[in-house]
Amino acid sequence: MKKKVLILAGYYTPGIKAGGPIQSIKNLVDNLSDRVDFKIVALDRDKGDESPYPNIITDKWVEVGNAQVYYVNQATLNWGRIRQLINEADHDILYLNSFFDYKLSIIPIILRKINLIRPKLTILAPRGNFSIGALGLKSKKKNLLIKVSKILNLHNDVVWHATAQEEQKDIELIFGGKENIRVANNLTANYSELEYEKAIKKNNGELSIVFISRIHPKKNLLKAIEYLNHINGTVYFNIYGPIEDKEYWAKCNEKIGELPKNITVSYKGPIDHDKVIEIFKKHHVFLFPTLGENYGHVISEALIGGSPVIISDQTPWRELETFQVGWDIKLNDEEKFIEVLQRCVNLTQYEYELLSRQSFKYGKETANNEKGKEYTFKLFEDL
């Protein structure tokens with residue numbers, strides 16, 4: 001018998017604005033649906049949108065890819081509605097995403113604590129909520145929620161899904177103990193049939209940089225723009241992603257206006273996920289000094305797109321320079337970021353192609369493998 005897993009996802013396909021968590025859940029379903037029955041409760045619109053997705057059926061279980069999905073309007077998600085959805089969905093395991101999601105994580109945990117919902121087993125994937133960078137944003141509110149949950153023992157018998165050893169340590173630091181933490185890396189799409197392809201050429205003294213992510217303080221776009229002030233040569237910096245924080249984007253625009261003439265910056269807007277790798281193929285490097293990622297699907301996709309990555313050390317992607325596929329730099333080491341960017345500007349076509357081809361190869365090697373699938377399957381099967 002297949003295990004039946006009910007996922008409270010917040011956002012799911014066809015959404016794009018919530019970033020990596022959408023892809024994490026979709027890849028989980030696509031890789032394990034032959035052995036696990038997935039049902040997903042998701043909001044009927046993308047993050048920040050006032051209108052539902054066009055051409056979807058709401059308030060009814062519908063088949064979406066390899067899962068059954070129930071799209072619901074957030075305005076109707078009161079305590080009673082959430083309790084009803086969980087109790088009426090046939091499942092063995094309840095799988096929650098994000099520690100801080102009030103309606104689709106905190107309320108279910110409380111309902112479970114007071115025995116108003118039935119799930120015997122609950123898995124919670126924090127999705128990077130407990131990284132230092134993430135906790136530093138709106139820290140007072142987050143620390144209060146953590147403190148209350150510990151006082152009330154809301155999560156004492158929850159199984160934590162950490163997607164990397166670093167995230168396991170973050171969970172341990174707050175909640176202690178390893179016995180309720182399982183480590184299973186995020187799964188990716190299947191790239192086994194993909195061949196190396198890179199249309200853009202590399203001239204010495206020129207560099208095409210791309211940033212693909214939500215426009216939000218956690219993703220640290222402002223700092224990426226500031227690095228460019230110190231770069232010599234002709235630089236093109238293209239930014240893709242939804243504007244989640246308008247005040248932050250205004251600060252970014254102010255910094256863009258202060259850049260020297262050799263730096264050209266363009267904002268390209270949100271992008272459908274199926275076009276991400278093609279965008280990377282048209283750029284030289286991916287610049288992403290993020291404050292924290294529990295995995296970073298976009299990093300994997302950059303490598304698959306043949307783009308060496310210049311990222312912070314706040315992700316599981318480490319020792320990249322050793323593998324000759326990029327650089328993971330200490331978050332506060334501005335000089336190193338600038339040095340690496342200038343080094344990339346100065347690369348010749350031959351030097352760049354070696355890095356690009358190695359990045360593609362490494363991206364494929366670190367994408368899904370049978371071992372990774374088994375670890376993730378065991379997350380459900382062992383329970």
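If you're wondering where the values come from, they're calculated on a predicted model, not measured in any experiment. The analysis underlying the following values was restricted to heavy atoms, covering all of them including side chains, and did not include hydrogens, waters or symmetry mates.
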Problem set entry | R318 and E166: CA distance, side-chain angles, deciding distance, side chain to side chain contact (heavy atoms under 4.5 Å, CB included) verdict | CA-CA 11 Å; R318 306 303 294 274; E166 291 83 357; 4.2 Å; yes
For this session: Assess whether side chain to side chain contact (heavy atoms under 4.5 Å, CB included) is satisfied between I231 and I338, documenting all intermediate values.
Result: CA-CA 7 Å; I231 305 302; I338 294 165; 3.9 Å; yes
For this session: Mind running salt bridge (charged side-chain N to carboxylate O under 4.0 Å, His left out) on K169 and E172 for me, showing each step along the way?
Result: CA-CA 5 Å; K169 293 174 184 175; E172 284 180 40; over 6 Å; no
Problem set entry | side-chain hydrogen bond (donor to acceptor under 3.5 Å, both in side chains) assessment of R45 paired with S51 | CA-CA 6 Å; R45 63 202 67 198; S51 302; over 6 Å; no
For this session: Verify side chain to side chain contact (heavy atoms under 4.5 Å, CB included) between I7 and N97, making sure each step is shown before the conclusion.
Result: CA-CA 8 Å; I7 300 177; N97 293 269; 3.4 Å; yes
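Note: N220 CG to S312 OG = 7.5 Å, rounded to the nearest 0.5 Å. Here CD1 of I299 is found 9.5 Å from OG of S213. Values are rounded to the nearest 0.5 Å. For the atom pair CG (L207) and CD1 (I200), the distance works out to 8.5 Å, reported to the nearest 0.5 Å. Rounding to the nearest 0.5 angstrom, the gap separating the CD1 atom in I212 from the CD1 atom in I271 is 5.5 Å.
Residues Y12 and L85 do not share a hydrophobic cluster, defined by chaining ILVMFWY side chains whose heavy atoms lie under 4.5 Å apart. No chain of hydrophobic side-chain contacts below 4.5 Å, direct or via other Ile, Leu, Val, Met, Phe, Trp or Tyr residues, connects I82 to V5.
When atom types are taken as modelled, the side chain of N66 and the backbone of V29 share no donor-acceptor pair closer than 3.5 angstrom.
Residues N294 and T163 bring a donor and an acceptor atom of their side chains to less than 3.5 Å of each other. Side chains of S98 and N129: a donor on one and an acceptor on the other come within 3.5 Å. Side-chain N/O atoms of H273 and E301 include a donor and acceptor closer than 3.5 Å. A donor and an acceptor atom, one from each side chain of Y196 and S356, are located under 3.5 Å apart. Donor-acceptor pairing under 3.5 Å is recorded for the side chains of H297 and S24. A donor and an acceptor atom, one from each side chain of H283 and Y236, are nowhere located under 3.5 Å apart. Between the side chains of S307 and K198, at least one donor N or O lies within less than 3.5 Å of an accepting N or O.
Ion pairing of E374 with K378 is absent here, as no side-chain N (NZ or NE/NH1/NH2) approaches a carboxylate O to less than 4.0 Å. Classification of E247 and K251 as a salt-bridged pair fails, no side-chain N sitting under 4.0 Å from a carboxylate O. Using a cut-off of 4.0 Å between Lys/Arg side-chain N and Asp/Glu carboxylate O, K3 and D37 are scored as not salt-bridged. Ion pairing between a basic and an acidic side chain is recognised when a charged N comes within 4.0 Å of a carboxylate O; K17 and D46 show no such pairing. The residues D328 and K336 are annotated as not salt-bridged, no charged nitrogen and carboxylate oxygen being separated by less than 4.0 angstrom.
Aromatic rings of H284 and Y352 (six-membered ring for Trp) have centroids within the 6.0 Å cut-off, being under it. Taking the six-membered ring for Trp, W327 and F337 have ring centres at least 6.0 Å apart.
Taking the six-membered ring where the residue is Trp, Y71 and Y53 present perpendicular rings, their angle passing 60° and hence far from 30°. Between F211 and F286, the ring-plane angle classifies as tilted under the 30° and 60° cut-offs. Using cut-offs of 30° and 60° for the angle between ring planes, the W61 and Y70 rings count as perpendicular. Ring geometry for F175 against F130 counts as tilted: the plane angle lies between 30° and 60°, on a 0 to 90° scale.
In this structure, K219 fails the cation-pi test against F288, since its NZ or CZ atom is not both closer than 6.0 Å to the six-membered ring centre and inside 45 degrees of the ring normal.
The residue from T264, V210, I225, I256 that alone fulfils the side-chain contact (heavy atoms from CB on, under 4.5 Å) condition with F237 is I225.
Scanning for side chain to side chain contact (heavy atoms under 4.5 Å, CB included) contacts around N78 gives R81, with sequence neighbours left out.
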